[in-house]
Amino acid sequence: METPPLSELLAIRRQKLQALRSQGVDPFGAAFAVSGSVAEVVAAFQEAALVQVAGRITAYRDMGKSRFLDISDIGGRIQIYFNTKELDESTVAATAQLDIGDFLGVEGTYFTTKTGEQSIRASRLVVLSKSLRPLPDKWHGVQDPEICYRQRYLDLIANDSSRTIFKQRIAIMREIRRFLEARGFLEVETPMMQAVPGGAAAEPFKTHHNALGMDMFLRIAPELYLKRLLVAGFPKVFELNRNFRNEGVSRRHNPEFTMLEAYWAFADFEKMSELVEEMICDLAEHIDVGPVIEHRDDEGNVMRTINLARPWRRAAYRDLIEAAVPGWFALDLAGKRQRCAELKLDISHCEAEFEVTQHVFEKLVEEKLIDPCFVTHVPKELVPLAKLNDKDPSSVDVYELIINGQEISPGYSELNDPDLQRERLEHQAGGEKQCLDEDFLEALEYGMPPAGGIGIGIDRLVMMLTGAASIRDVILFPHLKARAEK
RNA sequence: GGGUUGGUAGCUCAAUGGUAGAGCAGUGCCCUUUUAAGGCAUUGGUUGAGGGUUCGAGUCCCUCCCAACCCA
């Protein structure tokens with residue numbers, strides 16, 4: 001097969017690679033002992049002290065005999081100064097083969113430049129890895145969203161805003177674990193491959209286990225296994241990991257996404273709502289964005305302001321709809337359909353009355369709830385697996401936390417009556433017996449304590465907290481269509 | 001799935017249907033405290049892919065691929 005000629009830029013880098021080798025320099029060097037990460041080295045500045053640092057060259061300013069270069073890693077940048085007269089000949093020769101993008105190890109002493117920048121005066125330079133491709137523009141970064149998503153490493157090298165979001169995401173994940181563990185919740189791991197995909201209504205990914213000779217499914221939720229652990233006697237458990245749903249991809253959907261589920265024995269949905277409220281405020285504080293979060297557009301204009309100040313609002317589903325569409329619940333189905341037509345709402349996909357009402361809720365209530373609101377007294381048809389409300393058996397004991405016009409977290413008083421649970425699951429499965437997790441139903445018969453449960457879609461939570469416009473901006477490697485062969 | 005917008009040099013972007021350009025990066029030269037370093041010179045293109053219209057297509061038409069946004 002004919003290989004296309006390398007572009008000039010790639011060819012030049014290959015030549016430099018050869019030049020280094022012919023100078024006796026290994027262009028893909030060995031381990032290099034550093035004093036710390038770039039950020040740690042910056043923080044440890046002490047005039048004239050000896051220091052070792054390594055990182056990628058992200059800028060090179062050649063003044064003749066004096067040269068400056070920036071060394072960066074994901075957490076920081078530091079300026080290196082060297083004078084060709086202060087280095088041995090072979091090192092100076094190697095510097096001629098350096099490019100922006102190469103990994104370099106530096107030994108030197110801390111010093112402050114004329115302009116006051118804390119830097120390192122290099123006494124030794126070691127090529128650690130030659131970069132064979134040019135990096136994106138140092139000033140404009142990567143603007144092409146396709147490159148950002150397909151080659152996230154370039155996005156992270158070039159775009160500070162992206163680095164910030166992912167550092168925030170990491171901080172959020174760490175703080176969720178710390179927050180829950182501090183309150184006695186134990187983190188557990190349950191199967192991602194399940195014989196019966198349960199705990200939610202969604203299309204699963206299907207796979208096959210050869211040795212066991214059985215079809216399996218990637219989980220759509222961990223719920224039914226976490227509840228087995230309530231049966232086992234764990235009073236407080238949580239799982240923070242991936243779910244998979246074989247559905248559409250959009251600004252708000254990635255086929256694999258991160259979910260927090262937590263269960264608290266002997267608690268209820270109200271106690272869970274307090275836990276979630278406290279936790280999300282704590283997270284906002286930990287990434288220095290709360291309690292008032294501003295979402296900005298590309299030009300930096302504030303598009304939306306979310307106020308997380310406590311206490312958060314709590315409102316009943318019916319009351320919110322009545323406030324948006326007065327007289328709604330007095331209408332019969334035909335009247336409701338008529339009203340939707342007047343409101344220019346497309347309800348062609350809705351059949352049952354509760355579906356029409358739910359559409360009104362989504363369009364006229366949910367999308368407009370920007371500040372946090374726990375929606376309570378949700379119709380039982382929408383949440384088949386929760387406990388019925390004592391006073392109003394047409395609704396269930398759950399909350400749906402809405403922030404930024406999106407459902408961020410549902411919370412339940414979990415159903416623990418095994419017979420009722422079977423009835424509901426059978427109804428949900430529409431008579432398809434193979435969709436019932438009989439093993440789970442058997443576990444419930446041994447007795448599950450009453451419990452509060454929550455789920456939080458972490459990707460959407462991160463979007464809300466960081467102001468990211470797309471789920472792809474908060475997932476390191478989002479799924480895109482395979483690209484045609486180059 | 002439908003609609004809209006886009007895909008041009010490594011990156012960021014230009015280009016009435018009429019010679020494909022700029023900045024950065026790169027290459028060469030100069031410069032001992034620069035930091036979007038600077039000065040002078042200079043290389044680099046299958047304009048997403050394939051058809052069509054035309055004397056002539058990055059530009060107009062058709063098909064396809066990829067992406068973003070909106071809708072379902």
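Every chain is numbered from 1, with letters handed out A, B, ... down the list of sequences.
Cation-pi check for A/R121 over A/F111 is met; the charged atom lies under 6.0 angstrom from the ring centroid and within 45 degrees of its normal.
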Whether each nucleotide of nucleotides 5-11 of chain B has a protein heavy atom under 4.0 Å at its base (B), only at its sugar-phosphate (S) or at neither (-) is summarised, 5' to 3', as -----BB
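The number of heavy atoms from other shown groups lying within 6.0 Å of CD (A/Q46) does not exceed 12.
With B/A36, B/C70, B/G26 as the choices, the nucleotide that has an atom nearest any side-chain atom of A/R251 turns out to be B/C70. Relative to the side chain of A/T113, the nucleotides B/U33, B/C31, B/A25 differ in distance, and B/U33 lies closest.
Base pairing annotation: B/U63 forms a Watson-Crick or G-U wobble pair with B/A49, both donor-acceptor distances under 3.5 Å. Within the shown strands, B/A41 is the pairing partner of B/U27 under the Watson-Crick or G-U definition, both distances less than 3.5 Å.
Note on A/L154: nothing from the nucleic acid sits closer than 4.0 angstrom, heavy atoms only. At the heavy-atom level, A/R472 lies under 4.0 Å from the strands shown only through sugar-phosphate atoms. Here A/R150 lies in heavy-atom contact (under 4.0 Å) with sugar-phosphate atoms only. At the heavy-atom level, A/F111 lies under 4.0 Å from base atoms of the strands shown.
Counted by atom type alone, A/T95 and A/R67 present one or more donor-acceptor pairs between their side chains at under 3.5 Å. Checked by atom type, the side-chain pair A/T112/A/E47 shows a donor-acceptor distance below 3.5 Å.
Using modelled atom types, no side-chain atom of A/D102 and backbone atom of A/L104 make a donor-acceptor pair closer than 3.5 Å.
One N or O donor and one acceptor, one from the side chain of A/Q79 and one from the base of B/U34, sit under 3.5 Å apart. Counting atom types as modelled, A/R67 pairs no side-chain N or O with a base atom of B/U33 as donor and acceptor under 3.5 Å.
The phosphate of B/A37 (OP1 or OP2) has a side-chain N or O of A/R61 nearer than 4.0 angstrom.
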